[in-house]
Protein chains: 2
Amino acid sequence: MIISEVSEKFGISPDTLRYYERIGLIPPINRNKSGLREYTEQDCHWIQVILFMRDAGMSIELLLEYVKMVHQGDETMQTRKELLIEQRNQLVARIEELQKTLALLNGKIENYEKSVVPNEKKLKKQKNK
Amino acid sequence: MIISEVSEKFGISPDTLRYYERIGLIPPINRNKSGLREYTEQDCHWIQVILFMRDAGMSIELLLEYVKMVHQGDETMQTRKELLIEQRNQLVARIEELQKTLALLNGKIENYEKSVVPNEKKLKKQKNK
DNA sequence: CCTTGACCTGGAGTTAACTCCAGCTGTTAT
DNA sequence: ATAACAGCTGGAGTTAACTCCAGGTCAAGG
């Protein structure tokens with residue numbers, strides 16, 4: 001897969017893809033004979049994972065640490081697993097927070113529904129003035 | 001309530017509170033005789049709402065637009081309501097996304113020894129090419 | 001052959017949302 | 001009454017995460 005296709009597939013810009021590679025978040029992508037990046041399925045899978053994690057609020061810095069640990073090999077396995085568990089716990093907390101916010105939003109919207117009607121009445125009165 | 005108390009209560013810095021006021025996200029807070037900000041219950045309530053919205057991913061710019069509309073009065077009510085509904089829809093989608101990510105994380109953690117490690121070894125190999 | 005268009009690189013610029021600072025004032029504890 | 005604190009202001013600085021750019025290569029179509 002060429003960069004424009006990957007960009008399209010994941011909804012991120014080619015610039016961002018190159019940027020991720022530059023900083024080492026994505027491994028160096030293989031090139032075809034004319035020097036263009038050729039993304040493999042594996043590359044795409046890793047990009048997908050990264051995007052999920054980023055969307056879940058994990059910082060690039062932390063993801064880089066994770067990548068670094070992968071390079072350091074098996075001895076960091078436990079730490080990596082702990083990192084993921086920590087992320088999961090934060091994510092669970094985050095989802096709970098968002099659900100509270102959703103309830104708040106729903107309440108506010110309901111309020112508008114209640115007060116839009118009185119508002120329209122006011123408008124009518126104004127008309128009759 | 002004085003600024004340090006509000007800061008403590010919501011876990012944001014006094015600087016951020018002043019910043020929010022500066023840009024008009026929070027109304028001008030009343031001062032006591034020596035010029036210090038004195039936050040009312042109402043102020044706190046509004047700060048709470050803002051923080052929830054911020055946490056849910058709503059930008060300051062959009063919140064400012066909302067505030068501006070509140071100032072413009074009742075004629076903007078319908079638009080405000082629509083804005084909130086739009087935000088709710090986005091939030092619902094966001095929560096669903098995060099739940100997917102949570103599932104992915106859980107999978108990664110569960111299978112850590114079985115599949116994630118060998119998979120990442122492959123990635124490493126590729127990188128070393 | 002020449003133009004067009006996607007991709008390349010290293011480096012600079014942008015954006016949102018804070019965060020810090022210098023120099024000041026009023027309040028409180030010793 | 002003097003030193004140590006909070007808080008105040010306008011403005012400058014910081015950070016994360018992109019995003020853009022100039023100047024160049026390469027393959028294909030008319």
Side-chain angles (χ1 to χ4, degrees), chain A residues 1-40 43-44 46-68 87 90 94 97 101, chain B residues 1-40 43-44 46-68 87 90 94 97 101:
Chain A
M1 263 186 145
I2 213 163
I3 200 165
S4 56
E5 292 167 341
V6 180
S7 160
E8 178 91 1
K9 177 182 169 101
F10 293 116
I12 56 172
S13 73
D15 262 318
T16 299
L17 279 166
R18 285 189 288 257
Y19 164 68
Y20 280 175
E21 187 178 341
R22 238 199 300 208
I23 63 174
L25 196 51
I26 289 172
I29 303 299
N30 289 335
R31 309 305 181 92
N32 65 20
K33 67 269 178 195
S34 50
L36 307 196
R37 287 173 179 80
E38 189 59 47
Y39 294 80
T40 67
D43 293 329
C44 286
W46 179 234
I47 289 164
Q48 177 76 275
V49 171
I50 281 173
L51 292 181
F52 267 110
M53 294 319 216
R54 292 281 308 113
D55 190 58
M58 196 166 163
S59 74
I60 283 182
E61 197 184 359
L62 196 52
L63 278 166
L64 280 176
E65 234 171 84
Y66 185 84
V67 170
K68 193 177 149 201
Q87 284 305 302
Q90 283 184 25
R94 188 101 217 293
E97 271 293 298
T101 305
Chain B
M1 264 187 142
I2 212 162
I3 199 166
S4 58
E5 292 167 340
V6 179
S7 162
E8 177 90 2
K9 178 182 169 103
F10 293 116
I12 57 172
S13 72
D15 262 319
T16 300
L17 280 166
R18 284 189 289 255
Y19 165 67
Y20 281 175
E21 187 177 339
R22 239 201 297 209
I23 63 175
L25 196 50
I26 289 171
I29 303 299
N30 288 335
R31 310 307 180 89
N32 63 20
K33 66 270 178 192
S34 50
L36 307 195
R37 286 172 179 80
E38 187 62 45
Y39 294 81
T40 67
D43 295 329
C44 287
W46 178 233
I47 290 164
Q48 178 75 275
V49 171
I50 282 173
L51 292 180
F52 266 108
M53 294 319 215
R54 292 283 306 115
D55 190 58
M58 197 166 161
S59 73
I60 283 182
E61 198 184 358
L62 196 52
L63 277 167
L64 279 176
E65 232 171 88
Y66 184 83
V67 169
K68 193 176 148 200
Q87 283 305 301
Q90 283 184 25
R94 188 100 216 292
E97 271 294 298
T101 305

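Lettering of chains follows the sequences in order, A, B, ..., and the numbering in each one begins at 1.
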Going 5' to 3' along nucleotides 11-20 of chain C, which nucleotides have protein heavy atoms under 4.0 Å from the base (write B), which only from the sugar-phosphate (write S), and which from neither (write -)? B-----BBBB
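- Two residues are said to be in side-chain contact when any heavy atoms from C-beta on lie closer than 4.5 Å; A:Ile12 and A:Leu17 meet this criterion.
- Considering only side-chain N and O atoms, A:Arg37 lies nowhere under 4.0 angstrom from the phosphate OP1 or OP2 of C:dC7.
- The interatomic distance linking A:Ile3 (CD1) with C:dT9 (C1') rounds to 12 Å, in whole Å.
- Not a single donor-acceptor pair under 3.5 Å links the side chain of A:Gln87 to the backbone N or O of A:Met58.
- Atom CG of B:Asn30 and atom C1' of D:dC8 are 16 Å apart (whole Å).
- Summarising the geometry, atom CD1 belonging to B:Ile47 is positioned 6.0 Å from atom CG belonging to B:Asp43; distances are rounded to the nearest 0.5 Å.
- Atom pair A:Glu5:CD and C:dA6:C1' shows a separation of 12 Å (rounding to whole Å applied).
- Listed pair A:Arg31 / C:dT9 meets the phosphate criterion, a side-chain N or O lying under 4.0 Å from OP1 or OP2.
- In this structure B:Glu8 satisfies the salt bridge (charged side-chain N to carboxylate O under 4.0 Å, His left out) test with no other residue, sequence neighbours excluded.
- Residue B:Leu25 holds its CG atom at 3.5 Å from CD1 of B:Ile50, rounded to the nearest 0.5 Å.
- Atoms OH and CH2, on A:Tyr39 and A:Trp46 in that order, are 15.0 Å from each other to the nearest 0.5 Å.
- When rounded to the nearest whole Å, the span between CD of A:Glu38 and P of C:dA6 equals 17 Å.
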Under 4.0 Å protein heavy-atom contact, by nucleotide of nucleotides 23-30 of chain D - B base, S sugar-phosphate only: ---SS---
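- To the nearest 0.5 angstrom, B:Ile29 atom CD1 is 13.5 Å from B:Tyr20 atom OH.
- The nearest whole Å value for the distance from the CZ atom in A:Arg18 to the P atom in C:dG10 is 12 Å.
- Using a 4.5 Å cut-off on side-chain heavy atoms (C-beta onward), B:Glu38 and B:Arg31 make no contact.
- Between the CD atom of A:Glu8 and the C1' atom of C:dA6 there is a distance of 14 Å, rounded to whole Å.
- With values rounded to the nearest 0.5 angstrom, B:Ile2 atom CD1 is found 5.0 Å from B:Leu36 atom CG.
- Mapping B:Leu36 and A:Pro14 onto DNA chain C by nearest heavy atom places A:Pro14 closer to the 5' end of the strand.
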